[in-house]
A.B. asks: 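Sharing a structure, written as structure tokens. Questions coming.
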2 protein chains.
Amino acid sequence: MARRPDGSNRLDDAARAGWLYYVAGRTQDEIASAMGISRQSAQRLVSLAMTERLIKVRLDHPIAACLELGLALKEKYDLRQVDIVPSDPGSSSTTVGIAEAAASEIERWLKSADPIILAIGTGRTLKAAIDQLPGMDCPQHRIVSLTGNIGLDGSAAYYNVIFSMADAVKARHFPMPLPVLVSSAEERVMFHNQALVKSALQLGAQADVAFVGIGELGPQAPLCEDGFLARDEMDRLMDEGAAGEICGWMFDGEGRMMSGSINQRVASVPLPSRQTSIVIGIAKGERKYQAVRAALKGGLINGLITDEATAEFLLNA
Amino acid sequence: MARRPDGSNRLDDAARAGWLYYVAGRTQDEIASAMGISRQSAQRLVSLAMTERLIKVRLDHPIAACLELGLALKEKYDLRQVDIVPSDPGSSSTTVGIAEAAASEIERWLKSADPIILAIGTGRTLKAAIDQLPGMDCPQHRIVSLTGNIGLDGSAAYYNVIFSMADAVKARHFPMPLPVLVSSAEERVMFHNQALVKSALQLGAQADVAFVGIGELGPQAPLCEDGFLARDEMDRLMDEGAAGEICGWMFDGEGRMMSGSINQRVASVPLPSRQTSIVIGIAKGERKYQAVRAALKGGLINGLITDEATAEFLLNA
DNA sequence: CAAGTTTGTGAGTAATTGCCCAAGAGCAAG
DNA sequence: CTTGCTCTTGGGCAATTACTCACAAACTTG
């Protein structure tokens, strides 16, 4: 009999229990006796399956209200692709719901038999989305990161979205091993001449689809909190009228790229052309309202995944 | 809000409620007050979302495929107990995986506080399974061998499954000190009149659960290799359409017991009734596909422990 | 238009689940 | 071998959810 001091067997059991509970619809009591454990242990396994994200729940029904909002938005901002999920008034999470929807959309693209180039940004929202991806096997596709993952202090610990994603879907991937912001335009040139970065730049320009987060600016902006941007720089940007950022590219309230020096120091891949690619922004929440609206106004994105409340704001604003 | 007198609005509500419940993780009470309906109605909507399959749950773990296969097999062949373990495509072992699973299942039965009678066959697979048993102390149970352990040449060296097992779990045990095949029906009667054999026969008939291997036939069959059956007899059996054996009992491709003289010379305990007992077959591997299928078709077993690949064959065949 | 049928509602109740706590097993250090 | 620590287990209990029933509204049918 295999002893189970290690965790791997435990996850197996959790998967089993979770499957029996959610898919087969058994009660925890039945699972307990089927697996020869106490009900409490079964409950723990089921809950473990949840917290370990072994179980993925997804809603597949176009709710009329969301659909209508989506259609209206699509028209108003001339979008190629819109996905609206219901709002949860009681929750302050900035990812719940849209992460699942984004995962579903990403999966749809990855299921394509024809090889595609999928570009991806970074950030909490995208990380949450990637976590919802099922395991896949997509050697035909290429995934390219649009932005670096190294902070001001040199740490690379940020949400390594592209690695988690490539790991889940087993596709070739092209990370950007550099900071989001470098110290000068010259340094950027230097970074961009590195072989790895060069191929990311090339691939990014040819991307069929890109999934990007939309970041708000301000003292609590993730860009600040995660140490990509110093506080005083942020203040200056705000003074100059910056309203949001995508992959580090700063834009104003009308969605025009900021003209100051800041964008010359952004080392990210330029956003793929909205003429030839689909660039899908993923964001929700009151704090991001202005940033999302600006991105839409400026045509920086031509696809959107958001929630009802945000969609309503965007329609009426 | 779009008014809709027809049912589509109801499904929308169901989707919304289901989303709030499963994705956002709110309680039905919260959903009820958020949507302005009674808790019961909320519950109905959530359950409707489930029954209408608006909510898709899936489990992203290798185990999931096994469980699904198991459920399908259980239905197709009307089984009481199915256990599918992941296949290891790189291994040609006929025991790895199922031995552990079988041990785990045996252990589960032995943990019962109520005394049970556990019958057990023989063969490499079962030997590997009981090697996986942890030490236990089960004086309340009785273990009976379903089949003899003496070869054509009189040697008793075969996989002495029952002794190893009784040793490991410290239960009373009832071996069958005779050959698998005797020379004639008359000799069988003689053997069966021995006291030891008699009690084994009686116990076997009352067994609560039986674990048996499923043997394939052919020149490389273990039955031949281990010297229980002469080569020319095997050839004759194959000509007559024999497809497999369980504890020496030969059956054809439909799982019907062979009518020739061979089964009159099998000295094993008859398989316990599938009405009152659980008879669990343990087998995997391409060479055994036909034998396992026949055993299932004929209802010779009502439980199965096998691997994914075999399970897939059994489902599609 | 009335009777019958279907569908949805709320109340009450049984079943199921989630959580806290004390006890026990496993393990490392002494 | 003992001590102290952590992690896991199972019991008990409160919260949550599922089911049954009786009734009302809406809808169908003659």
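Within every chain, numbering begins at 1; the chains are lettered A, B, ... in the order of the sequence lines, protein sequences first and strands thereafter. We use all heavy atoms of the structure for the numbers below, so side chains are in, but hydrogens, waters and symmetry mates are not.
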A.B. asks: Nearest whole angstrom, please: distance from the P of C/dG18 to the CG of B/Asp29.
C.D. replies: 16 Å

A.B. asks: For B/Met50 and D/dC19, what is the distance between atoms CE and P respectively, to the nearest whole Å?
C.D. replies: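 Taking CE of B/Met50 and P of D/dC19, I get 12 Å after rounding.
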
A.B. asks: Rounded to whole angstroms, how far apart are CD on B/Gln43 and P on D/dT20?
C.D. replies: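 Those two atoms, CD and P, are 11 Å apart.
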
A.B. asks: Between B/Arg16 and A/Glu308, is the closest basic N to carboxylate O distance under 4.0 Å?
C.D. replies: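 B/Arg16 and A/Glu308: salt-bridged.
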
A.B. asks: Any donor-acceptor pair under 3.5 Å joining the side chain of A/Arg44 to the base of C/dG18?
C.D. replies: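 Answer no: no donor N or O sits under 3.5 Å from an acceptor.
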
A.B. asks: With a non-hydrogen cut-off below 4.0 angstrom, is A/Gln40 in contact with a base, only sugar-phosphate, or nothing?
C.D. replies: base

A.B. asks: Between the side chains of A/Arg287 and A/Glu216, is the shortest nitrogen-to-carboxylate-oxygen separation below 4.0 Å, so that they form an ion pair?
C.D. replies: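 Looking at A/Glu216 and A/Arg287, the cut-off is met.
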
A.B. asks: D/dA18, C/dT16, D/dG12: which one has an atom nearest the side-chain heavy atoms of A/Arg39?
C.D. replies: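 The listed nucleotide nearest to A/Arg39's side chain is D/dG12.
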
A.B. asks: Check this for me: does any side-chain nitrogen of one of A/Glu100 and B/Lys56 sit under 4.0 Å from a carboxylate oxygen of the other?
C.D. replies: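 The answer is no: the pair does not qualify as a salt bridge.
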
A.B. asks: Could you check how far CG of A/Leu45 sits from C1' of C/dG18, rounded to whole Å?
C.D. replies: 15 Å

A.B. asks: Of the candidate nucleotides D/dC19, D/dC13, C/dT9, which contains the atom at the shortest distance from the side chain of B/Ser41?
C.D. replies: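 For B/Ser41, the side-chain atoms sit closest to C/dT9.
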
A.B. asks: Any side-chain N or O of B/Ser38 less than 4.0 Å from the OP1 or OP2 oxygen of C/dG10?
C.D. replies: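 So the side chain of B/Ser38 is within the cut-off, an N or O lying under 4.0 Å from OP1 or OP2 of C/dG10.
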
A.B. asks: Expressed in angstrom and rounded to an integer, what is the separation of B/Ile31 atom CD1 from D/dA18 atom P?
C.D. replies: 10 Å

A.B. asks: Output the single nucleotide from D/dT17, D/dG10, C/dG18 whose closest atom is nearest the side chain of B/Tyr21.
C.D. replies: D/dT17

A.B. asks: Check B/Arg58 with A/Glu107, please: is the shortest side-chain N to carboxylate O separation under 4.0 Å?
C.D. replies: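 Between B/Arg58 and A/Glu107 there is a salt bridge, with a charged N closer than 4.0 Å to a carboxylate O.
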
A.B. asks: Would you kindly give the CG-to-P distance between B/Leu48 and C/dT7, to the nearest whole Å?
C.D. replies: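 The distance from CG of B/Leu48 to P of C/dT7 comes to 13 Å, rounded to the nearest Å.
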
A.B. asks: Atom CE of A/Met35 and atom C1' of D/dT8: how far apart are they, to the nearest Å?
C.D. replies: 15 Å

A.B. asks: Restricting to non-hydrogen atoms, name the atom on A/Ile98 and the atom on A/Asp307 that form the minimum distance, rounded to 0.1 Å.
C.D. replies: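 Distance-wise, the nearest heavy atoms are CG2-N, 4.1 Å.
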
A.B. asks: In whole angstrom, give the distance that lies between atom CD of A/Gln28 and atom C1' of D/dA18.
C.D. replies: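 Value for this atom pair: 14 Å.
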
